[in-house]
Amino acid sequence: MPRLTRSKGRAAGERPARWRLLLRRWRRALIRLGLAGLALGALIVLVIVLRGHGAADDSLAPRTAWADALTARLGLRVRAVVVEGRGNTPEPLLHAAIGVAPGDPILGVSLGAMRARLESLAWVQQAVVERHLPGTIVIHLTERRPFAVWQNQGRFTLIDRAGREVADEGVANFKTLPLVVGADAPAHAAAILDLIDRYPEIRARLAALVRIGGRRWNLRLVNGADVLLPEGHEAQALARLAVLQSDHALLDRPFAAVDLRAPDRLILRPRPESTPPEGEVGKAPPGPHGEAAAPGKPT
């Protein structure tokens, strides 16, 4: 008679162990979750691709509206906008340039268009815009640094080192910046100020730089005197002026003007009795040979 052996399998009608049932349920849930994630990921990629083409073809915008609405229902909405690097950019202008509101579909936000709007603001030199799913827009700003105050026809404006206008509001908050005067002064300010910064004894006495005839500079000193610099030879003239100040304290003497335009001679113009008191800055006097000072007067 053959020998009977007991089967190691589960007997008929026997229920599987509880842990096995739980494992099966978890596996099914994970599969469903994975499929949902793949579907959502595919939808996100589709929206991004369509919007990428839509930047050049506005006719695709209606095709992506449904996708934006669907992803928004799935939780992909703007919940926060984080701005880093803001120092002087006015908040109302910044908010208008950002142009999104809480609850907007985050995939419907055009990062390129937002960056262009931000970089059109006078204070903003560069903007980097990032989309952090599921609901955060992160903006990194690099602002322009005010380099000088520009006075032209009675108007005061902050300019950067490149001569670009930055702002004409809040100028009083930048009293320590140098003052440049004249229609074309911003384009040439950096070069002359870099030269003057080599001579602290001159820089400490400087009240303003006045552009003359679109060709050269006058230094307006805090005591009301003017130093006439030659066209194209500012470096040599400033070095000469520094020696005269060191040896003879020339800038502390009561002169109305110091003419350095001739390399082989020094012309000193005495201060008339009608000259304003020391420390009061008035209009730069016209130079010889019919030269006229730039419009406006340093104050």
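It should be emphasised that the depicted structure is a prediction, and the values quoted were computed from it without experimental measurement.
Proximity of L133 to I106: side-chain heavy atoms (C-beta onward) are separated by under 4.5 Å at one or more points. Using a 4.5 Å cut-off on side-chain heavy atoms (C-beta onward), L238 and Y199 make contact. V83 is not listed as a side-chain neighbour of V138, based on a closest heavy-atom distance of 4.5 Å or more. At a threshold of 4.5 Å between non-hydrogen side-chain atoms, the residues N218 and L229 do not count as touching. N152 has its side chain out of reach of T157: every pair of non-hydrogen atoms, C-beta onward, lies at least 4.5 Å apart. Looking only at side-chain heavy atoms (C-beta outward), W123 and L118 stay at 4.5 Å or farther from each other.
Taken to the nearest 0.5 Å, the CD atom of Q125 stands 9.0 Å off from the CZ atom of R164. I196 CD1 to E234 CD: the interatomic distance, rounded to the nearest 0.5 Å, is 9.5 Å. Separating the CD1 atom in I212 from the CZ atom in R261 is a distance of 9.5 Å, to the nearest 0.5 Å. Here OG1 of T89 is found 6.0 Å from CG of L141. Values are rounded to the nearest 0.5 Å. In this structure, CG on L260 lies 8.0 Å from CG on L250, to the nearest 0.5 angstrom. To the nearest 0.5 Å, the span separating CG on D259 from CG on L268 amounts to 9.0 Å.
Between P270 and F255 the shortest heavy-atom distance is CA-CD2, 4.4 Å.
In this structure, the side chain to side chain donor-acceptor pair (under 3.5 Å) partners of R205, at least two apart in sequence or on a different chain, are D252. Qualifying side-chain contact (heavy atoms from CB on, under 4.5 Å) partners for A116, counting only residues two or more places apart in sequence or in other chains: none. With sequence neighbours left out, the side-chain contact (heavy atoms from CB on, under 4.5 Å) criterion links L93 to P90, L121. By the side chain to side chain donor-acceptor pair (under 3.5 Å) test, E91 is found to be paired with no residue, residues two or more places apart in sequence or in another chain being considered. Scored by the side chain to side chain donor-acceptor pair (under 3.5 Å) test, E201 finds no partners at all (sequence neighbours excluded). Evaluation of the salt bridge (Lys or Arg N to Asp or Glu O under 4.0 Å) rule for R203 yields D197 as partners, not counting sequence neighbours. By the side chain to side chain donor-acceptor pair (under 3.5 Å) test, R144 pairs with D160, sequence neighbours left out.
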Exercise for the section: Determine, stepwise, if the pair E130 / H132 fulfils side chain to side chain donor-acceptor pair (under 3.5 Å). Expected result: CA-CA 6 Å; E130 299 173 348; H132 292 188; 3.0 Å; yes
Problem - Check against side-chain contact (heavy atoms from CB on, under 4.5 Å), L158 and V149 - result: CA-CA 5 Å; L158 293 172; V149 177; 3.9 Å; yes
Exercise for the section: Output, in order, the C-alpha distance, side-chain angles, deciding distance and verdict of side-chain contact (heavy atoms from CB on, under 4.5 Å) for M114 and V109. Expected result: CA-CA 8 Å; M114 184 185 296; V109 176; 3.5 Å; yes
Exercise for the section: Applying side-chain contact (heavy atoms from CB on, under 4.5 Å), run through V258 and L266 and close with a yes or a no. Expected result: CA-CA 7 Å; V258 178; L266 174 66; 3.7 Å; yes
Practice task
Show your working on side-chain contact (heavy atoms from CB on, under 4.5 Å) between T142 and V124 and close with a plain yes or no.
Solution key: CA-CA 6 Å; T142 301; V124 178; over 6 Å; no
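Contacts classified as side chain to side chain donor-acceptor pair (under 3.5 Å) and involving residues 171-181 (residues at least two apart or in different chains) are not found. Among residue pairs with one or both ends in residues 78-87, those qualifying as side chain to side chain donor-acceptor pair (under 3.5 Å) are E84-H140; sequence neighbours excluded. The stretch residues 239-250 participates, sequence neighbours left out, in no salt bridge (charged side-chain N to carboxylate O under 4.0 Å, His left out) pair at all.
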Please tabulate, one pair per line, all N/O donor-acceptor pairs under 3.5 Å involving side-chain atoms of residues 165-172, not counting sequence neighbours.
{"from": "E165", "atom 1": "OE1", "to": "R155", "atom 2": "NH2", "distance (Å)": "3.3"}
{"from": "D168", "atom 1": "OD2", "to": "R155", "atom 2": "NH2", "distance (Å)": "3.4"}

List, one per line, each side-chain donor-acceptor pair under 3.5 Å for residues 180-195, sequence neighbours excluded.
{"from": "D184", "atom 1": "OD2", "to": "R211", "atom 2": "NE", "distance (Å)": "3.4"}
{"from": "D194", "atom 1": "OD1", "to": "R161", "atom 2": "NH1", "distance (Å)": "3.4"}
{"from": "D194", "atom 1": "OD1", "to": "R161", "atom 2": "NH2", "distance (Å)": "3.3"}
{"from": "D194", "atom 1": "OD2", "to": "R161", "atom 2": "NH2", "distance (Å)": "2.4"}

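With hydrogens and angles disregarded, a donor-acceptor distance shorter than 3.5 Å links the side chain of R117 to the backbone of A97. Put simply, the side chain of E143 gets close to the backbone of N88: a donor and an acceptor are under 3.5 Å apart. A distance-only check finds a donor-acceptor pair linking the side chain of R77 to the backbone of G103 [under 3.5 Å].
Among L76, L107, V78, the one residue that satisfies the side chain to side chain contact (heavy atoms under 4.5 Å, CB included) test with R131 is L107.
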